[in-house]
There are 2 protein chains.
Amino acid sequence: MSITIKDVARQANVSVATVSRVLNNLPGYSEDTKKKVLGIINDLGYQPNAIARGLINKKTKTIGVLLPNVSNLFAADVLAGIEDIAHEMDYSVVICKTDKSGERTLKYLQMLREKQVDGILFVSEWMKEEYYEVISRMSIPVVLVSTKSDYPLPYVKVNDFEASYDAVNYLLNKGHRSIGMIAGTEGDLIATSPRVEGFKKALLDEGIDDEPAIVYGDFAFETGITGMEELIEKYPEVTAVFCASDEMAVGALSYLYKKNIRVPDQIAVVGYDNTSAAEKAIPPLTTVGQPLYEMGRSAAEMLLKKRPTSNVVLQHKIIERETVK
Amino acid sequence: MSITIKDVARQANVSVATVSRVLNNLPGYSEDTKKKVLGIINDLGYQPNAIARGLINKKTKTIGVLLPNVSNLFAADVLAGIEDIAHEMDYSVVICKTDKSGERTLKYLQMLREKQVDGILFVSEWMKEEYYEVISRMSIPVVLVSTKSDYPLPYVKVNDFEASYDAVNYLLNKGHRSIGMIAGTEGDLIATSPRVEGFKKALLDEGIDDEPAIVYGDFAFETGITGMEELIEKYPEVTAVFCASDEMAVGALSYLYKKNIRVPDQIAVVGYDNTSAAEKAIPPLTTVGQPLYEMGRSAAEMLLKKRPTSNVVLQHKIIERETVK
DNA sequence: TTGAAAGCGCTAACAT
DNA sequence: ATGTTAGCGCTTTCAA
């Protein structure tokens, strides 16, 4: 049996109410009793039971983070930001790796509800109606990270259209006229369409109205390889490639290396995200940076401090390294 | 106010005890009442409160994972394994990023205790006495992952000495006679000394008794760059380098690339870990693989299934790619 | 088969 | 300044 507030009360010859008061820094006891109680607490090594507290306060000081995957640098950075804010504010974070499975997501949502978490961060995933239904029933704050939805849920993200537009513009300014794109998952409305549109618009604004040289992948390394191959085959004239993720950009680099095509001399490549993989690539990858860690922090802050209301759009930024000359 | 077991009981015209019984699949009610109760539960959208349950059961169905960092591929893979097992067994996992800070670690430990977690996974960190003291007071199972200690705490890891020995041997078999090493943090007894010893032993067993060509880093990318530079300066004769982490190996590759030193032709390099960075490196990195995901799974299984007892040593394996010819 | 009631460890009125 | 007591939502004896 572990030590409870009763034990402390008994030893200190006071009531549990008094112990509770000193524990919570409420008024209502003399300096003397405070000293005594604190002394006993220390002697006994007493620690309050957060479960009992949660039952009465209806606050658990924990939040849930739903994300498709934990094994990539993108998630890792966002998570680090979330964790830091949570820790600062004495919250715990429970991770829920959904594997992009609807069933798994729903199960997690139910678990988070049963465990009475105080808030939810929903990262990089499409908010389905069935998710929203259970979420809205929970009546706890939710903020979306790196995604958005048609529901009244605040989000923290970057402007994908503008980021993409800027990336292509950057390439244009460097003199490229024939630019290809390895886009994300076809049909993805969050991280693919806006980037594709930004890409097209930048070209159009420059008066380039060739058929857009676009191939699709799924944001992962492998499709960077295959995407690059496909792109070169279909559009051999491209002198630069804009990839919708660093992962794919690194895949593209791999392919190019294998084919002995020099970067940036023969083909320039630009990534997206600025995960730590970008600086470690060979050559170091020029990319459009999203403030990943900051996104996590900002979302967690919004969830925990202010009642989540308005959206926040974080600034992207072209990080120049060595894959464009 | 959300729906409680009382509401269900009232609506169903039974006592809360009966509702509790059907909820927990205990005997003691007719098929009829079961149907009725289940019906009401469904109508009302009732979900049990895990906090109230936890208070009485003294089980929270959650475990804590302490790890120095979440923003790297090593942690990410281990975490994925842990998360999968936890999910299978209906446990939640709360992450505690210690940043290698003793103070922060202690604070997390206290929080985990207050929140009454059912078990703790302690990853990649040195188990200090002060940690062990509070851990042993908690009387819950703990398992170490990728680390070990002098205390009676079971661990899941690889045999670092042997892994290192094998890596060097591999290089020896490829004909290298002058092999350097970029080791981990000097003084680290878990992931540095055993690997350094394995390195030395392999050389000695081959009859090579030159002064060992070793420089130290801290496992991270940057020290791979500086380590490689230092190594070449001090030991210009080396034709192969064994790095104590993939991160450092990738850093070494970067340096070599910048200096126009061809890999593997002029210098061969071998990493350690086999994180996903290895296959994405240019050239793809030959490395000694640790089963990271499996380590996470195995540790979580041990924590949750069997009462943790004996240690488990997972098998390492040389993954041949293109940085050694 | 079912219900009443005690109690898990704590907080928060309400008394004194 | 301090104590008594009624719960928080649930499980679990013990009776009926």
Side-chain angles (χ1 to χ4, degrees), chain A residues 1-38 40-41 44-62 110-111 113-118 138-140, chain B residues 1-38 40-41 44-62 110-118 138-139:
Chain A
M1 272 311 59
S2 64
I3 299 151
T4 76
I5 198 173
K6 272 190 189 167
D7 301 313
V8 177
R10 195 175 319 118
Q11 292 265 344
N13 276 314
V14 296
S15 70
V16 294
T18 298
V19 179
S20 177
R21 286 185 192 105
V22 348
L23 239 27
N24 296 287
N25 273 311
L26 296 174
Y29 45 84
S30 65
E31 221 15 63
D32 258 21
T33 46
K34 175 174 179 176
K35 284 239 160 55
K36 188 169 49 177
V37 168
L38 254 18
I40 301 288
I41 284 178
L44 262 40
Y46 166 75
Q47 292 206 238
N49 181 328
I51 299 300
R53 275 184 168 168
L55 185 56
I56 184 159
N57 293 333
K58 277 130 174 33
K59 286 265 160 290
T60 49
K61 285 269 190 180
T62 108
Q110 175 179 338
M111 184 221 75
R113 180 172 174 193
E114 292 188 358
K115 296 216 170 135
Q116 318 287 131
V117 298
D118 298 339
M138 295 172 70
S139 53
I140 56 171
Chain B
M1 274 310 59
S2 65
I3 298 150
T4 76
I5 198 174
K6 273 188 186 168
D7 301 314
V8 178
R10 196 174 318 120
Q11 293 264 340
N13 276 313
V14 297
S15 70
V16 294
T18 298
V19 178
S20 176
R21 286 187 190 104
V22 348
L23 239 27
N24 295 288
N25 273 311
L26 296 174
Y29 45 83
S30 66
E31 225 8 70
D32 258 20
T33 46
K34 175 174 178 176
K35 283 240 162 56
K36 190 169 49 178
V37 168
L38 255 17
I40 301 289
I41 284 178
L44 261 40
Y46 166 76
Q47 292 206 238
N49 181 328
I51 299 300
R53 275 185 167 166
L55 184 56
I56 185 159
N57 292 333
K58 277 131 172 34
K59 286 262 160 292
T60 49
K61 285 268 188 181
T62 107
Q110 175 179 339
M111 184 221 74
L112 291 174
R113 180 171 174 195
E114 292 188 358
K115 295 217 170 135
Q116 319 286 131
V117 298
D118 298 339
M138 294 172 71
S139 52

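Note that the coordinates shown come from a computational prediction; the quantities given were computed from them, not determined experimentally. Letters go in sequence order (proteins before strands), and every chain restarts at 1. Keep in mind that the numbers below use all heavy atoms, side chains included, and drop hydrogens, waters and symmetry copies.
- In this structure, the NZ atom of K59(A) is 14 Å from the C1' atom of dC8(D), given to the nearest Å.
- OP1 or OP2 of dG9(C) has not a single side-chain nitrogen or oxygen of R53(A) nearer than 4.0 Å.
- Under the rule for a side-chain contact (heavy atoms from CB on, under 4.5 Å), the partners of N24(B) that lie at least two apart in sequence or sit in another chain are S20(B), L26(B), R53(B).
- Less than 4.0 Å separates DNA chain D from at least one heavy atom of each of the following residues of residues 25-33 of chain A: G28(A), Y29(A), S30(A), T33(A).
- Considering only heavy atoms from C-beta on, Y46(A) stays 4.5 Å or farther from V37(A) through its side chain.
- When the side-chain hydrogen bond (donor to acceptor under 3.5 Å, both in side chains) test is applied to K36(A), no partner is found at least two apart in sequence or on another chain.
- Each end of the helix from dT1(C)-dA16(D) to dT16(C)-dA1(D) gets its own axis, taken as the rotation carrying the C1' atoms of four end pairs onto the next four within a five-pair window, and the two axes meet at 40° to the nearest 10 degrees.
- Remark: K6(B) engages T4(B), R10(B), V16(B) in a side-chain contact (heavy atoms from CB on, under 4.5 Å) (not counting sequence neighbours).
- Between S2(A) and D7(A), the shortest heavy-atom contact is O-OD2, 4.0 Å.
- Looking at K61(A), its side chain never comes within 3.5 Å of a backbone N or O of A50(A) through a donor-acceptor pair.
- Comparing R21(B) and N49(B) by the nucleotide of DNA chain D that holds the closest heavy atom to each, the one mapping nearer the 5' end is N49(B).
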Restricting to nitrogen or oxygen on both sides, can you table the protein-nucleotides 5-8 of chain C pairs closer than 3.5 Å?
from, atom 1, to, atom 2, distance (Å)
dC8(C), O3', K58(B), NZ, 3.1

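- In this view, L38(A) and V22(A), K34(A), I41(A) satisfy the side-chain contact (heavy atoms from CB on, under 4.5 Å) rule, not counting sequence neighbours.
- Between E114(B) and N49(A), every side-chain heavy-atom pair lies at or beyond the 4.5 Å cut-off.
- Between K36(A) atom NZ and dA1(D) atom C1' there is a gap of 12 Å when expressed in whole angstrom units.
- Atom CD1 in I3(B) sits roughly 11 Å away from atom P in dC10(D) (whole-Å rounding).
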Which is it for L23(B) and V8(B) under the side-chain contact (heavy atoms from CB on, under 4.5 Å) test, yes or no, and what are the steps along the way? CA-CA 11 Å; L23(B) 239 27; V8(B) 178; over 6 Å; no
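- With sequence neighbours left out, R113(A) forms a side-chain hydrogen bond (donor to acceptor under 3.5 Å, both in side chains) with Q47(B).
- Atom NZ of K58(A) sits about 14.0 Å away from atom CD1 of I140(A), to the nearest 0.5 Å.
- Look at CD1 on I51(B): it is 12 Å from P on dG9(D), rounded to the nearest Å.
- The stretch residues 7-14 of chain A touches DNA chain D through N13(A), V14(A), each having a heavy atom under 4.0 angstrom from the strand.
- In this structure, I41(B) atom CD1 and dC10(D) atom P are separated by 10 Å, rounded to whole Å.
- Under the side-chain contact (heavy atoms from CB on, under 4.5 Å) criterion, T60(A) pairs with T62(A), Q116(A), D118(A), I51(B), sequence neighbours left out.
- Minimum interatomic distance between V19(A) and A9(A) (heavy atoms only, all atoms of both residues): CG2-CA, 3.8 Å.
- Remark on DNA chain C: of its neighbouring residues S15(B) and N57(A), the 5'-side contact belongs to S15(B), judged by nearest-heavy-atom nucleotide.
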